[in-house]
Student: 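Quick one: the structure is below, questions incoming.
Note that the structure is a prediction, hence the values are computed from the model and not measured. Numbering starts at 1 and runs along the sequence shown. Excluded from the calculations below are hydrogen atoms, water molecules and symmetry mates; all remaining heavy atoms, backbone and side chain alike, are included.
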Amino acid sequence: IWEQETGSVTTTTPGFGAVVRPGKAGKHWKRRIDTWVNIKWFGATGNGSDDDGAAIASALKFAQSTAHRTLYFPRGKYKCSQSLLITTRN
């Protein structure tokens, strides 16, 4: 989901990442996270050989710090060589 914004581009949170700038000065399109977090937004490749652990951990940390509780894993083979801690909030 994308929305058009006016003004300077500031991306302080990893995962909000993609910003597309059209030709008009001062306007840009920014991805708006709505309900789920795609781990590929954080750098996961899912190719079976790259270690996706850091990207998965970053996506998990982001999801746990916001209202977006669902991690989306697109089709692929994800390698993770680190432990991941999943916590819940009541």
Student: Search all heavy atoms of D52 against all heavy atoms of G46 and return the closest pair with its distance.
Tutor: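 Shortest heavy-atom separation between D52 and G46 comes out as OD2-N, 3.2 Å.
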Student: Considering all heavy atoms of both residues, which atom of C80 and which atom of G53 are nearest to each other, and what is their separation?
Tutor: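 Looking at all heavy atoms of both residues, the closest pair is SG-CA, 3.6 Å.
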Student: Would you name the heavy atoms of A44 and A55 that are closest together and state the gap between them?
Tutor: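 Looks like N-CB, 3.3 Å.
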Student: For K79, check side chain to side chain contact (heavy atoms under 4.5 Å, CB included) against everything at least two apart and list the hits.
Tutor: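 K79: no side chain to side chain contact (heavy atoms under 4.5 Å, CB included) contacts found.
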Student: If you draw a 6.0 Å radius around NZ in K61, do more than 12 non-hydrogen atoms from other residues or ligands fall strictly inside?
Tutor: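 Open.
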Student: Which residues pass the side chain to side chain donor-acceptor pair (under 3.5 Å) test with S81, not counting sequence neighbours?
Tutor: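 Only D51 meet the side chain to side chain donor-acceptor pair (under 3.5 Å) criterion with S81.
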Student: Suppose we screen for side chain to side chain contact (heavy atoms under 4.5 Å, CB included). Which residues come up paired with F73, at least two apart in sequence or across chains?
Tutor: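 Checked F73 against side chain to side chain contact (heavy atoms under 4.5 Å, CB included); matches are I39, I56, L71, Y78.
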Student: Please list, chain by chain and in numerical order, all residues satisfying side chain to side chain contact (heavy atoms under 4.5 Å, CB included) with L85, sequence neighbours excluded.
Tutor: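 Only T87 meet the side chain to side chain contact (heavy atoms under 4.5 Å, CB included) criterion with L85.
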